[in-house]
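Heavy atoms only: backbone and side chains are in, while hydrogens, waters and symmetry mates are out. These figures come from a predicted structure and were not determined experimentally.
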Amino acid sequence: MPYRRTERVIERLAARRDDILASARAVATAQGLAGVQIVPVAERAGIAAGTVYRYFPAKADLVAALLEQVSEQEVAAMTTAASGAPGPLSGLAAAVTTFAGRALRQRRLVFAMLAEPVEPEIEAQRRACRRAVAAVLEGCIRAAVASGRLPEQDARIGADAILGALVEALIGPSADETADPAKQKETVQAMVLLVLRALGVVDARARGLVVQAPWPVDDAA
């Protein structure tokens, strides 16, 4: 008779996998993707390296799973913020504010997800993460264009340009690093204003949208 895993065993396996990913996330947050190696991740999780290999046969598998997890969380936060806004332009401002505010709270992790140089076998997953985030912005732009709130334009190019600007200005190597919440909010609002202006929103309207955009709630809250 073939072995069948019980529900309890399946839950335990899933919990162990989550623990490993949590450890990998902590390492990436402190050291970037370069620091995500099997041994230090295992040590942080309090398990043997061999146990990690049972879930993730190679470092590339572990990093890919981590990137997918982080990407899904950021996309979900942006999508929720946009869908909760009263209109398409407000949704765009909310999505940008959410991405930017969350990125400033976890600079190294988000930079690793979107822009840190990685091995060729990981690059495809990293490109997928970047495209997933940009796709949310693209959807917001398309909705605003369709409703007449933005002029006709290439939403794909606009979304990619916005994401590139946000990464470079907020969490890139030359970005100003500050832990002051007030300064972070001021920086994010400046970037959202820049984005709206670039897409064709007149200044007075853009400033109002920036002020109204809700600040992202901390995941731990």
For this session: Hey, could you give me the CD1/SG distance between I122 and C129, rounded to the nearest 0.5 Å?
Result: 11.0 Å
Exercise. Shortest non-hydrogen contact from A65 to F56?
Worked result: CB-CE2, 3.6 Å
Seminar exercise, completed: dist L89:CG -> L150:CG (nearest 0.5 Å) comes out at 5.0 Å
Exercise. How long is the span from the CZ atom in F99 to the CG atom in L170, to the nearest 0.5 Å?
Worked result: 7.5 Å
Problem set entry | Contacts of A26 that satisfy side-chain contact (heavy atoms from CB on, under 4.5 Å) - sequence neighbours left out | R44
For this session: Could you note down all residue pairs passing salt bridge (Lys or Arg N to Asp or Glu O under 4.0 Å) where residues 45-73 supplies at least one of them, sequence neighbours left out?
Result: K59-E119
Problem set entry | Q73 side chain reached by M78 side chain, heavy atoms, under 4.5 Å | no
Problem set entry | Gap separating the CG atom of L166 from the CD1 atom of I171, nearest 0.5 angstrom | 8.5 Å
Problem set entry | Nearest non-hydrogen partners of W215 and G101, listed with the distance | CH2-CA, 3.9 Å
For this session: Using side-chain contact (heavy atoms from CB on, under 4.5 Å) as the criterion, list what pairs up with A132, not counting sequence neighbours.
Result: S71, V75
Exercise. By side-chain contact (heavy atoms from CB on, under 4.5 Å), which residues pair with A82, not counting sequence neighbours?
Worked result: A95, C140
For this session: Only counting residues at least two apart or in another chain, list the ones meeting side-chain hydrogen bond (donor to acceptor under 3.5 Å, both in side chains) with E123.
Result: R126
Problem set entry | Student check: side-chain heavy atoms of E74 and M113 closer than 4.5 Å | yes
Problem set entry | side-chain contact (heavy atoms from CB on, under 4.5 Å) against A45, all qualifying residues, sequence neighbours excluded | S23, I47
Seminar exercise, completed: Note: Q184 and A179 closest approach over all heavy atoms is NE2-CA, 3.9 Å
Problem set entry | Over all atoms of both residues, closest heavy-atom pair of L199 and Q153 | O-NE2, 3.0 Å
Identify each donor-acceptor pair in which a side-chain atom of residues 28-41 lies under 3.5 Å from a protein atom, sequence neighbours left out, and give them as a table.
from	atom 1	to	atom 2	distance (Å)
T29	OG1	R25	O	2.8
Q37	NE2	A34	O	3.1

Exercise. Can you list every pair that meets side chain to side chain donor-acceptor pair (under 3.5 Å) and has a residue in residues 130-148, with sequence neighbours left out?
Worked result: R131-E138, R131-D160, E138-R142
Exercise. Are any non-hydrogen side-chain atoms of V63 and Q125 less than 4.5 angstrom apart?
Worked result: no
Exercise. How would you list all residue pairs meeting salt bridge (Lys or Arg N to Asp or Glu O under 4.0 Å) that involve residues 178-187, not counting sequence neighbours?
Worked result: K183-E186
Exercise. Roughly how far, to the nearest 0.5 Å, is the CD atom of Q189 from the CG atom of L194?
Worked result: 13.5 Å
For this session: Kindly state each residue pair satisfying side chain to side chain donor-acceptor pair (under 3.5 Å) with at least one member in residues 78-98, sequence neighbours excluded.
Result: none
Exercise. After noting the C-alpha distance and the side-chain angles of V96 and L92, does the key distance pass the side chain to side chain contact (heavy atoms under 4.5 Å, CB included) rule?
Worked result: CA-CA 6 Å; V96 175; L92 173 61; 4.1 Å; yes
For this session: Check G158 against I141 and note the closest heavy-atom contact, atom names and distance.
Result: C-CD1, 4.0 Å
Exercise. Taking atom CG of L104 and atom CZ of R102, what is their separation to the nearest 0.5 Å?
Worked result: 12.0 Å
For this session: Search all heavy atoms of A93 against all heavy atoms of L209 and return the closest pair with its distance.
Result: CB-O, 4.0 Å
Exercise. Only one of L21, L62, I20 forms a side chain to side chain contact (heavy atoms under 4.5 Å, CB included) with Y55, so which one is it?
Worked result: I20
Exercise. Please, which pairs that meet side chain to side chain donor-acceptor pair (under 3.5 Å) have at least one residue in residues 169-178, sequence neighbours excluded?
Worked result: E168-S174
